[in-house]
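Some notes on the structure that comes next.
Letters A, B, ... are given to chains in the order of the sequence lines, protein chains preceding strands, and every chain is numbered from 1.
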Amino acid sequence: MHCSCGSSPDHSSGGLTALTCPVRPGTFPAMPYTPATFEPKWQAHWRENEVFRSENDSQKPKFYVLDMFPYPSGAGLHVGHPKGYIATDVLSRYKRMCGFNVLHPMGWDAFGLPAEQYAIETGTHPRETTQRNIDNFRRQFQALGTDYDWSREIDTTDPGYVRWTQWIFRNLYEKDLAYLAEVPVNWCQALGTVLANEEVIDGKSERGGHPVTRVPMRQWMLRITRYADRLIDDLDGVDWPEAIKKMQRDWIGRSSGARIAFALPDNEGQHLEVFTTRPDTLFGATYMVLAPEHPLVPELTTADQHETVEAYVDQAGRRSERARLAETHEKSGAFTGAFAAHPVTGERIPIWIADYVLATYGTGAVMAVPGHDTRDYEFARRFDLPIVEVVAGGDVAIGAFVEDGTNVNSDFLDGLRTPEAKLRMTDWLEEHGRGEATINYKLRDWLFSRQRYWGEPFPIFHQEDGSTTLVPESDLPVLLPDLDDFKPSGEFEPPLARVSDWIETVDPETGKRVRRDANTMPQWAGSCWYYLRFCDPRNTNEAWSQEAEKYWMPVDLYVGGAEHAVLHLLYSRFWHKVLFDLGLVHTVEPFQKLLNPGMILGYSYRYYDDNPNDLPDASVTAYPSSETQTLEESIVHGETGATLKTRWVAADDVVWNDDGVPMHPTIPGLALEEVTEKMSKSRGNVVSPDDVIAEYGTDAMRLYEMFMGPLEKGAPWSTDSIPGVYRFLQRAYRLVIDEDADGERPAAIAPGAGNEAQARLTAKTTHGVTQDIEEMQFNTAISKLMVFVRDITKEGPLPRDAAESFLLLLSPFAPHLAEELWQRLGHAESLAGEPWPTADAALLVEDTVTLAVQVNGKRRSEIHVPSDAGEDAVREVALADVAVIRHLDGREPKKVIVVPGRLVNVVVG
RNA sequence: GCCCGGGUGGCGGAAUGGGUAGACGCGGGCGACUUAAAAUCGCCUGGCUUGUGGCCGUGCAGGUUCGAGUCCUGCCCCGGGCACCA
C-alpha cells in the first residue's frame with residue numbers, strides 16, 4: 001500500500017513526508033511523535049502476518065462483532081462513516097486480548113443503483129466500477145488500522161456468493177414464501193424501478209427523494225406477513241435500543257379486533273366486511289365508508305349517485321400521495337346511494353366512499369362510529385351524519401370520545417366496561433355468524449423484484465404454460481449476461497428483457513423452451529444473510545456449514561445506522577426465521593445486541609437565487625437566507641415572492657469575514673447560512689479520513705472519533721479538537737521514548753511497579769478503562785488514559801509495569817502507537833496476542849478518603865479520614881472542623897448524616 | 001397531531017440504586033524556556049461579588065428530601081420516528 005501525503009502539517013516539520021519513505025525494519029528514526037513513520041508499517045505487519053485471522057476450530061469462547069457492511073460508493077469513505085467501524089475495532093481488539101476468539105469481518109454490499117447509473121451514463125460495466133470502489137474502500141479501511149479478518153472478505157456480487165443468495169430464494173419459493181402477484185406497486189420513474197413499501201417515505205423514494213406512483217404490475221412478493229407475529233414477539237429477546245424495537249413493532253402494526261359482516265339488503269347475496277378494533281362500539285355505527293378503490297363500489301352505487309361517485313373515485317385516483325397527505329384534516333367523500341343492514345339491529349345505514357379509508361389496510365371498508373373515532377367524527381360533521389354516544393365518559397357534542405368507558409345505548413352491552421364489552425360483542429358476533437375475533441397487521445408482503453440490471457437474477461424459469469419453476473440447484477448461480485447498454489428497455493421493462501439470448505433458454509430437466517425472469521432482486525437480498533456467510537465464507541459446497549453456524553452465531557454485537565430500523569433489520573430477521581424453520585440456523589434471532597452510532601454531521605453553507613429552473617442565460621440574483629420565506633412547498637423571496645432555489649457553497653470555498661460570518665467567495669457581500677447536516681457530495685461538506693490521516697495520523701483520527709462523545713450521539717465534525725488527542729499521543733510517546741536524546745533510547749524506565757502512588761494509579765487506570773470499554777464508554781476510557789499520562793511520572797520515573805499496562809490499555813484505541821512502543825520496550829511479539837491487564841484489587845482501596853462536609857445541605861468544608869473510620873469517628877472529625885463550627889454559630893446539631901465514603905451533612909434547626 | 005430521545009460553562013462532554021456539579025479535551029488567560037516565534041512545560045479558567053469569604057448556578061415553574069443535574073407534577077425548546085392503519 002502506498003499512502004498519499006497531504007499538505008505538510010504545521011506542528012511537526014518533516015515528519016509526515018516520511019510517509020512515502022518506508023521505514024526499514026529495526027531502525028528508529030530520531031524524531032518526535034511522527035505517526036506516519038510507523039503506522040503504515042504496523043498495518044502491513046498485521047496484514048502480512050494475518051494477526052487477526054480467526055479460526056473456526058478454536059476451543060476459546062467466541063465473540064462475533066459485526067459492522068453493517070457498506071455499499072462501496074465511488075465517493076469513498078468520509079469521516080462520518082468510521083465512527084461505528086472504529087468502535088467495533090476497539091471492542092474486538094479488547095475482546096481478543098481478553099481471551100475470546102473474535103470474528104470481526106468486513107465485506108461489500110456491492111449490488112446497487114449508483115454503479116448501474118454510472119454504467120448508463122458512461123458504458124462502464126458495473127463490475128468494473130464496483131471493483132474499483134471496493135479496492136478503494138479496502139484501502140481506506142486498512143488505513144484506519146482496523147483489525148478485520150480479510151481472509152473472510154465477502155462481495156455480494158461475487159458469483160460464489162450470488163449462488164447462495166439464489167439458493168436461499170429457492171428455499172423461499174419451495175416453502176411457498178415467494179410468489180408472483182399482480183399488485184399495485186410503487187413505481188419510481190427516476191430510478192426506473194418499483195420499490196418496496198419500506199423504501200417509500202412520504203410518497204417519495206427513500207433513496208434520492210424521487211416521486212413514486214402506484215401502478216399495477218406483476219411482481220415477485222415474499223410472504224413476510226406470515227412471520228408478522230414472530231417478528232414482533234421475538235423482539236423481546238434481543239438487546240436492541242428500544243426506539244428501534246418500537247419502530248419495528250409500529251411498522252408491523254399488529255392490532256387485534258374483529259371482522260364484522262354487514263349484509264346488503266338491496267344486493268342479493270352480497271355483504272360487506274369491515275375490520276374494527278372496537279367491536280364494543282358497534283351500536284354507534286351510523287354509516288359505513290369504503291375506500292374509493294373498493295371492488296364493490298361500482299356494483300353498489302345507485303343510478304342517481306353514479307355520476308357523483310365516479311367523479312370522486314376518479315379524483316381520488318389521480319390525487320397524488322402527497323396531495324392526500326397535505327389535506328389530512330379536510331375530509332372528503334361521496335354517498336353511494338346504497339345501504340347496509342346493521343348486524344345487530346338490522347337498521348339501514350348509508351354507505352359512503354372516502355379516501356380516508358385505505359384500500360390496502362384491513363378489508364378496505366370501515367363501520368363508522370363517529371361518536372368514538374376522531375376521523376369518523378370529522379366526516380360525520382362534514383356531511384351531517386348522525387352521531388350516537390355508546391361509550392359514556394366524554395361529550396360527543398364536542399368531539400369523539402376514544403378512550404375506554406362504560407357502554408350506553410348499546411342493548412346487551414349497556415353497563416359493561418370497554419374491555420368486557422369488546423369480548424361480549426365478539427362472542428355475540430361469533431354465535432350469530434356475523435363476525436369473528438381477528439388480528440390485523442399494517443405490514444404488507446415484501447415486494448421483491450426490481451427492474452434493474454445490477455442485481456441477482458431470479459433462479460426461475462417461466463414455462464410456456466405460464467407456470468414458474470425453479471432453476472435446478474446444480475445450475476446455480478444464474479449469472480447476469482454482459483451488456484453494453486444498461487438502459488431500461490421501455491417504460492416498465494428491465495434492461496434484461498431485451499437480452500433475448502439470455503432470456504430464452506432451455507429447461508435442462510425437461511428440455512422445454514423456457515424464459516428467464518428479467519427482473520433482479522433488490523439490494524437487500526445480499527445483506528439479508530451475509531452475517532451467516534462470514535461464518536464460513538469460502539465454503540463451496542454449502543452456504544455455510546452447520547458447525548460454523550453453531551460456533552459463531554448469533555452475532556454478539558451488531559453496529560450500524562438507525563436508518564435501517566425497518567429495512568435491512570426487518571428483512572434479515574425475516575430470512576433468518578425462515579432459515580431457522582428449515583433447520584439451517586440454530587438461533588431465532590440473528591443479532592443479539594444492536595447499537596446505532598450517532599451520525600457525524602458536516603457544516604454546509606447555503607444561499608438562494610431566483611433561477612429555480614437553472615436557465616442558462618437568465619440574469620440571476622442571489623439572496624441570503626435572511627431575505628427568504630419558507631412556504632409549504634417552496635422557498636420564496638420575502639418581498640417579491642419570487643420562487644427561489646437553494647444553492648450550496650463547498651465548505652472549503654467559504655470566505656470568512658472579520659466578524660466571523662461565512663461569506664460567498666465570489667459574490668460580494670452575500671452572507672451564507674451555516675447548517676449542520678449529513679455529509680454529502682452535493683452539499684460540499686464532506687471531510688475525507690484520508691486527509692485527516694495524512695495530517696494527524698490514524699491513531700489521532702481514531703482517538704478523536706471515540707473521544708468526541710458517546711457512541712450513540714451524533715455531532716458535527718470539528719477539526720478543532722484533533723490537536724488535543726494528537727498532543728495526548730505525543731505525550732504518551734515521550735513517556736516511553738527519550739526524545740531529547742536521539743529518539744532511539746527508551747526514556748528512563750524503572751523496573752517493577754514503582755512507588756505506591758504509581759502502583760495505585762496504574763491499578764485504578766486499568767480498572768476504570770476496562771470497565772468503560774465493557775460499557776462501550778470509550779470517551780471516558782480515553783480520559784482516564786489521559787490522566788494516567790499526566791500523573792504517572794509526577795513523583796518518579798516511569799515504572800516498567802505501569803508502562804506495559806498502559807500500552808496494553810491504550811492499544812485498542814491507538815493500536816499503531818501501542819505496538820510501536822511495545823516493540824521499543826523490547827518485545828518481539830505483537831501486543832495483540834498479549835492478555836488484557838488486570839488490576840490488583842488491594843490497590844484500588846484507598847487508605848484515606850476525602851469527605852465533603854455540609855451544613856444544612858451546603859458544602860462548607862472537607863475532611864480527610866481513614867477509609868475504614870467508623871461513623872462516630874467521622875462525625876467527631878466533622879464537628880471539630882473550623883468551618884463547620886463557624887457555620888454552626890453556636891447552634892446544636894439536630895442530626896448528623898454520614899454517607900460512608902461520600903460526605904457528612906450536619907443539620908441544624 | 002401522536003410516540004420516542006435530549007436540554008449541564010464560550011464549545012465537545014463528565015457525574016444519575018439522590019450524596020463534593022463541571023472529570024477529560026478544545027478555546028481563552030498568565031507564567032517558564034527562547035534573541036524571538038513556534039513547539040513544549042507549569043498554573044488559572046461556570047457567573048456575580050471589595051480580598052480571605054459569600055451569593056447564585058444543570059431549559060422554566062413548583063414539589064418530595066437532611067440533601068435533587070438525578071425522583072414527582074405542569075410547562076418551554078431542540079433532535080428523531082410515525083403520520084387518516086379503523
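More than 12 heavy-atom neighbours from other residues, nucleotides or ligands sit within 6.0 angstrom of NZ on A:K245.
Within a heavy-atom distance below 4.0 Å of RNA chain B, the residues of residues 775-787 of chain A found are A:N779, A:T780, A:S783, A:M786, A:V787.
Aromatic ring pairs are classed by plane angle as parallel below 30°, tilted from 30° to 60° and perpendicular above 60°; the pair A:H568 and A:H564 is perpendicular.
No engagement by A:S718 is indicated, since no non-hydrogen atom pair under 4.0 Å with the nucleic acid exists. At the heavy-atom level, A:R249 lies nowhere under 4.0 Å from the strands shown. Among the protein residues, A:K442 comes within range of the nucleic acid bases, having at least one heavy atom under 4.0 Å from a base atom. Counting non-hydrogen atoms under 4.0 angstrom, A:P710 reaches the backbone sugars and phosphates but no base. Here A:Q854 lies in heavy-atom contact (under 4.0 Å) with a base. Contacts of A:R860 with the nucleic acid, taken as non-hydrogen atoms under 4.0 Å apart, involve only primed sugar atoms and P, OP1 or OP2. The residue A:H372 sits apart from the nucleic acid: no heavy atom pair falls under 4.0 Å. Looking at heavy-atom distances under 4.0 Å, A:R444 makes no contact with the nucleic acid at all.
Here A:Y287 and A:F379 bring their ring centres to under 6.0 angstrom of each other. Aromatic ring centroids of A:Y726 and A:Y704 lie 6.0 Å or more apart.
Checking B:rU20, B:rG25, B:rC66 against the side-chain heavy atoms of A:V907 singles out B:rC66 as nearest. In the set B:rU20, B:rA86, B:rG19, the nucleotide with an atom closest to the side chain of A:T276 is B:rA86. Between B:rC4, B:rC66, B:rA86, one nucleotide has an atom nearer to the side chain of A:A243 than all others, and that is B:rC4. The nucleotide whose nearest atom lies closest to any side-chain atom of A:A715 is, among B:rC84, B:rU20, B:rG13, B:rG13. Ranking B:rG25, B:rG19, B:rA21 by closeness to the A:N905 side chain, first place goes to B:rG19. The nucleotide whose nearest atom lies closest to any side-chain atom of A:R886 is, among B:rA86, B:rU20, B:rG53, B:rG53. Residue A:L358 places its side chain closer to B:rA86 than to any other of B:rC66, B:rG54, B:rA86.
Under the 3.5 Å distance criterion, with hydrogens and angles disregarded, no donor-acceptor pair is assigned to the side chains of A:T762 and A:T765. Looking at A:T850 and A:H864, their side chains do bring a donor and an acceptor atom within 3.5 Å of each other. In the model, A:D229 has a side-chain atom that pairs as donor or acceptor with a side-chain atom of A:Y441 under 3.5 Å. Looking at A:N440 and A:S255, their side chains never bring a donor and an acceptor atom within 3.5 Å of each other.
Taking atom NZ of residue A:K331 and atom P of nucleotide B:rC84, one finds them 9 Å apart after rounding to whole Å. The CD1 atom of A:I244 sits 15 Å away from the P atom of B:rC4 (whole-angstrom rounding). Rounded to whole Å, atom P of B:rC2 lies 22 Å from atom CH2 of A:W251. Distance, A:L601 CG to B:rG79 C1': 10 Å, rounded to whole Å. Between A:I722 atom CD1 and B:rG27 atom C1' there is a gap of 15 Å when expressed in whole angstrom units. In this structure, A:Y733 places its OH atom 15 Å from P of B:rU40, rounding to the nearest Å. Across the protein-nucleic acid pair, A:N856 atom CG and B:rC66 atom P stand 11 Å apart, rounded to whole Å. The interatomic distance linking A:R902 (CZ) with B:rA15 (P) rounds to 12 Å, in whole Å.
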| task | Go through the steps to decide whether A:L785 and A:F813 satisfy the test side chain to side chain contact (heavy atoms under 4.5 Å, CB included), and finish with yes or no. | result | CA-CA 10 Å; A:L785 292 169; A:F813 301 98; 4.0 Å; yes
| task | Could you please spell out the steps behind the side chain to side chain contact (heavy atoms under 4.5 Å, CB included) verdict for A:V357 and A:L290? | result | CA-CA 6 Å; A:V357 173; A:L290 310 186; over 6 Å; no
| said: Working note: A:F707 + A:S783, criterion side chain to side chain contact (heavy atoms under 4.5 Å, CB included); need CA distance, chi angles, decisive distance, verdict. | reply: CA-CA 8 Å; A:F707 188 61; A:S783 122; 4.2 Å; yes
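In this structure, B:rG9 shows a glycosidic angle within 90 degrees of zero, which is the syn conformation.
Across the P atoms, B:rG25 and B:rA14 are found 15 Å apart, a figure rounded to whole Å. Comparing B:rA68 with B:rG79, their P atoms sit 32 Å apart, to the nearest whole Å. Comparing the C1' positions of B:rA21 and B:rC3 gives an interatomic distance of 32 Å, to the nearest angstrom. B:rU58 sits 16 Å from B:rG19 when the P atoms are compared, rounded to a whole Å. Look at the C1' atom in both B:rG10 and B:rA61: the space between them is 28 Å, to the nearest Å.
Summary of the strand contacts: A:L903 and A:K895 both lie near RNA chain B, and taking for each the nucleotide with the nearest heavy atom, the more 5' one is attributed to A:L903.
In this model, the phosphate group of B:rA86 is approached by a side-chain N or O of A:Y361 to a distance below 4.0 Å at OP1 or OP2. For B:rU40, the OP1/OP2 oxygens have no side-chain nitrogen or oxygen of A:R734 closer than 4.0 Å.
Figure legend: cation-pi geometry between A:K331 and A:Y356, with NZ or CZ positioned under 6.0 Å from the six-membered ring centre and within 45° of its axis.
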| Please, what dot-bracket string fits RNA chain B when only Watson-Crick and G-U pairs with both distances under 3.5 Å count, crossing ones use [ ] and pairs to another strand use |? | (((((((..(((......[....)))((((((.......))))))((((...))))..(((((..]....))))))))))))....
